[in-house]
Chemist: 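I'd like to ask some things about the structure below.
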Number of protein chains: 2
Amino acid sequence: MITESKQQNREEKMKTVVERASGTVRKKQIKKATLEIISGEGFKNLSTKNLASHVHLSEGAIFRHFHSKNDIILSIFSDVKDDLLKSLQKIAEKQTPPQKRLEEFMRFHIKYLKLNNGVTILLFTEAAYQNNNLLKKQLNQFFWLIKQYFGKIIHDGIALGIWNSTLSVDTISSLYIGIPITMNIEMNLIPEIFSYDNFCSQMFLLISRLLVCAEQ
Amino acid sequence: MITESKQQNREEKMKTVVERASGTVRKKQIKKATLEIISGEGFKNLSTKNLASHVHLSEGAIFRHFHSKNDIILSIFSDVKDDLLKSLQKIAEKQTPPQKRLEEFMRFHIKYLKLNNGVTILLFTEAAYQNNNLLKKQLNQFFWLIKQYFGKIIHDGIALGIWNSTLSVDTISSLYIGIPITMNIEMNLIPEIFSYDNFCSQMFLLISRLLVCAEQ
DNA sequence: TATCTTTGCAAGTGATTACTTACTTATAAA
DNA sequence: TTTATAAGTAAGTAATCACTTGCAAAGATA
């Protein structure tokens with residue numbers, strides 16, 4: 001009896017976000033479990049059965065919230081766009097000095113990927129796994145946007161005469177793209193050694209040096 | 001004496017052309033098909049059935065030459081070590097000027113990954129897919145060695161007073177690692193736009209500038 | 001109270017997976 | 001020529017896959 005009322009209370013608490021919320025809560029749980037499995041157990045263990053056990057549901061219940069396994073991945077993809085891309089855009093479009101923006105941009109980018117470790121693995125592995133054109137197109141747009149936002153900061157710095165105007169913004173942006181990816185690789189391959197803060201600072205230093213370099 | 005030399009000749013023929021060669025030829029065919037499937041059809045189509053059809057054999061025949069599917073991948077991994085890593089090491093240990101070595105190093109590295117497109121995808125996807133410790137360890141060693149070889153060139157340049165001695169060789173090596181990976185991504189996502197030669201030259205220019213940068 | 005929607009589960013579905021088995025055939029050594 | 005071995009196949013195997021179905025029950029609404 002006591003247990004029952006406790007359970008009721010808990011359920012009523014959940015209700016505060018209203019009935020349908022249960023669906024959205026489940027969706028979040030499933031997506032979270034997806035990333036956990038990918039970064040913790042590997043992509044091949046991302047079966048609907050294993051996923052179900054992670055969220056303490058039956059396998060069939062998964063399909064109440066996502067109509068296919070692929071839909072889960074696409075939904076995560078959409079989340080990354082909302083969370084990461086929009087934030088990077090905001091930082092890039094700030095009115096602060098380019099150097100400050102650059103550092104904030106890099107720190108945010110790297111921190112996000114650190115906190116959401118499974119995301120990078122998911123995006124790349126899924127695209128390579130499926131070789132699906134829609135996925136590749138989305139992934140391409142994803143990188144293109146990051147390069148655009150990063151490039152905006154560089155452009156602004158050049159316009160202000162802070163950074164060297166002879167550099168190819170596009171190439172630096174491409175070089176930049178490699179940084180978070182490298183971090184993710186090192187973080188996964190040598191987690192015991194990898195230092196996030198050190199990595200951030202060192203890379204910011206290198207990019208800064210590269211930008212002012214040809215001023216000499 | 002005559003019989004002995006005859007036998008020797010036969011054995012030499014065996015090694016190069018006949019019988020046993022069939023096995024090694026098949027192995028090469030199977031590994032080639034593996035990379036073709038991965039870069040052309042995606043990782044999920046790398047089934048032993050599909051693999052068999054690519055080399056025009058029955059599925060069972062595959063297992064005459066590799067005792068498991070995983071063995072094929074490990075064998076490819078071994079090939080990459082022999083082909084790419086040893087070449088990069090040779091270039092790094094040459095007695096030519098560091099600038100020249102650096103360019104040769106980068107060009108060779110990028111060209112290899114361009115010609116063997118499936119390799120990068122295979123290494124990363126497989127490690128993320130399986131989340132296997134042995135694979136991760138090998139992949140880590142793989143990156144570590146490339147960074148070591150690259151770092152040797154940088155060290156030599158610094159020792160000769162050509163490049164800035166205050167730079168962190170380790171961080172530049174990490175930054176460098178991202179370049180071939182970025183290339184592979186761009187090559188796969190936007191193959192119609194991507195220009196290999198342009199990419200190589202531009203990245204070499206950036207790294208060169210970075211190295212001399214702090215001399216000012 | 002009656003009804004409707006959402007959420008859940010148990011028990012399936014056919015398809016596909018890596019790999020095996022039992023047997024055949026080509027080839028090269030003895 | 002005989003014999004041994006490597007290379008091949010057809011037809012399996014059990015396991016797992018993503019996903020479906022039929023039904024139950026909780027919760028909100030009326």
Side-chain angles (χ1 to χ4, degrees), chain A residues 3-30 33-34 37 41-75 126 129-130 132, chain B residues 2-30 33-34 37 41-74 126 129-130 132:
Chain A
T3 358
E4 266 185 9
S5 62
K6 267 190 182 174
Q7 204 173 354
Q8 267 192 339
N9 283 335
R10 273 170 73 191
E11 280 171 359
E12 273 165 19
K13 270 192 180 176
M14 280 178 72
K15 268 191 234 168
T16 52
V17 208
V18 191
E19 227 278 313
R20 278 192 190 174
S22 186
T24 54
V25 162
R26 284 282 186 241
K27 279 187 182 176
K28 278 183 187 173
Q29 289 176 339
I30 292 168
T34 301
I37 291 169
E41 302 171 32
F43 206 87
K44 79 165 168 188
N45 290 307
L46 186 67
S47 62
T48 46
K49 192 183 173 186
N50 189 25
L51 198 46
S53 80
H54 269 72
V55 285
H56 306 108
L57 282 176
S58 71
E59 202 178 346
I62 300 288
F63 292 91
R64 282 267 173 240
H65 305 287
F66 293 99
H67 98 273
S68 74
K69 190 182 148 183
N70 199 44
D71 254 31
I72 303 173
I73 283 149
L74 290 175
S75 180
E126 187 64 15
Y129 186 78
Q130 306 251 13
N132 171 299
Chain B
I2 297 160
T3 359
E4 267 184 11
S5 64
K6 264 189 183 177
Q7 207 170 353
Q8 268 193 338
N9 283 334
R10 274 177 190 165
E11 279 172 0
E12 274 166 19
K13 272 193 178 178
M14 265 176 61
K15 274 182 196 171
T16 50
V17 198
V18 223
E19 236 271 311
R20 276 192 193 173
S22 186
T24 54
V25 163
R26 284 280 186 244
K27 278 187 181 176
K28 279 185 187 172
Q29 289 175 340
I30 292 167
T34 300
I37 291 169
E41 301 171 35
F43 208 85
K44 77 164 170 189
N45 289 308
L46 186 67
S47 62
T48 46
K49 192 183 173 186
N50 189 25
L51 198 46
S53 80
H54 269 73
V55 286
H56 305 108
L57 283 175
S58 71
E59 202 178 347
I62 300 287
F63 293 91
R64 284 267 172 241
H65 304 287
F66 293 98
H67 99 273
S68 75
K69 191 182 147 184
N70 199 43
D71 254 31
I72 303 172
I73 283 149
L74 290 175
E126 187 65 14
Y129 186 78
Q130 306 250 13
N132 171 298

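Protein chains get the first letters and strands the later ones, always in sequence-line order, with residue 1 at the start of each.
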Chemist: Rounded off to whole Å, could you give me the CD-to-C1' distance for the B:Glu126 and C:dA18 pair?
Modeler: 13 Å
Chemist: Rounded off to whole Å, could you give me the CZ-to-C1' distance for the A:Phe66 and C:dT7 pair?
Modeler: 15 Å
Chemist: Which parts of residues 43-50 of chain A get close to DNA chain C, meaning a heavy atom less than 4.0 angstrom away?
Modeler: none
Chemist: Got B:Arg26 and B:Leu57 here, is their nearest side-chain heavy-atom distance under 4.5 Å?
Modeler: yes
Chemist: Find the distance B:Phe63:CZ to C:dA22:C1' and express it as a whole number of Å.
Modeler: 17 Å
Chemist: Which residues satisfy the ring-ring contact (aromatic ring centres under 6.0 Å, His included) test with A:Tyr129, sequence neighbours excluded?
Modeler: A:Phe43, B:Tyr129
Chemist: Within this structure, what is the CD1-to-P distance between A:Ile62 and D:dC17, rounded to whole angstrom?
Modeler: 14 Å
Chemist: Which whole-number value in Å describes the distance from A:Leu51 CG to C:dG8 P?
Modeler: 13 Å
Chemist: Residues in side-chain contact (heavy atoms from CB on, under 4.5 Å) with B:Thr34, at least two apart?
Modeler: B:Ile30, B:Ile38, B:Leu46, B:Leu51, B:Ile72, B:Ile76
Chemist: With sequence neighbours left out, what residues match A:Asn50 under side-chain contact (heavy atoms from CB on, under 4.5 Å)?
Modeler: A:Ile37, A:Glu41, A:Asn45, A:Ser47, A:Ser53, A:His54
Chemist: When rounded to the nearest 0.5 angstrom, what is the spacing between NZ in A:Lys44 and CD in B:Glu126?
Modeler: 8.5 Å
Chemist: Please name all residues satisfying side-chain contact (heavy atoms from CB on, under 4.5 Å) with B:Ser68, sequence neighbours left out, ordered by chain then number.
Modeler: B:Asn70, B:Asp71
Chemist: Strictly under 3.5 Å: I want the nitrogen or oxygen pairs between protein and nucleotides 9-12 of chain C, one per line.
Modeler:
from: C:dC9; atom 1: OP2; to: A:Ser58; atom 2: N; distance (Å): 2.6
from: C:dC9; atom 1: OP2; to: A:Ser58; atom 2: OG; distance (Å): 2.9

Chemist: For A:Arg26 and C:dT6, is the shortest distance between a side-chain N/O and OP1 or OP2 below 4.0 Å?
Modeler: no
Chemist: Who are the side-chain contact (heavy atoms from CB on, under 4.5 Å) partners of B:Lys28, not counting sequence neighbours?
Modeler: none
Chemist: Can you measure A:Lys69 atom NZ to D:dT16 atom C1' for me and round it to whole angstrom units?
Modeler: 11 Å
Chemist: Looking at B:Phe63 and B:Lys69, what are the two nearest heavy atoms and their distance?
Modeler: CE2-N, 4.4 Å
Chemist: Please report the interatomic distance NE2(A:His65) to NZ(A:Lys27), rounded to the nearest 0.5 Å.
Modeler: 8.5 Å
Chemist: Looking only at the side chain of A:His65 (C-beta and beyond, no hydrogens), which of the listed nucleotides D:dC19, C:dT7, C:dC19 gets closest?
Modeler: C:dT7
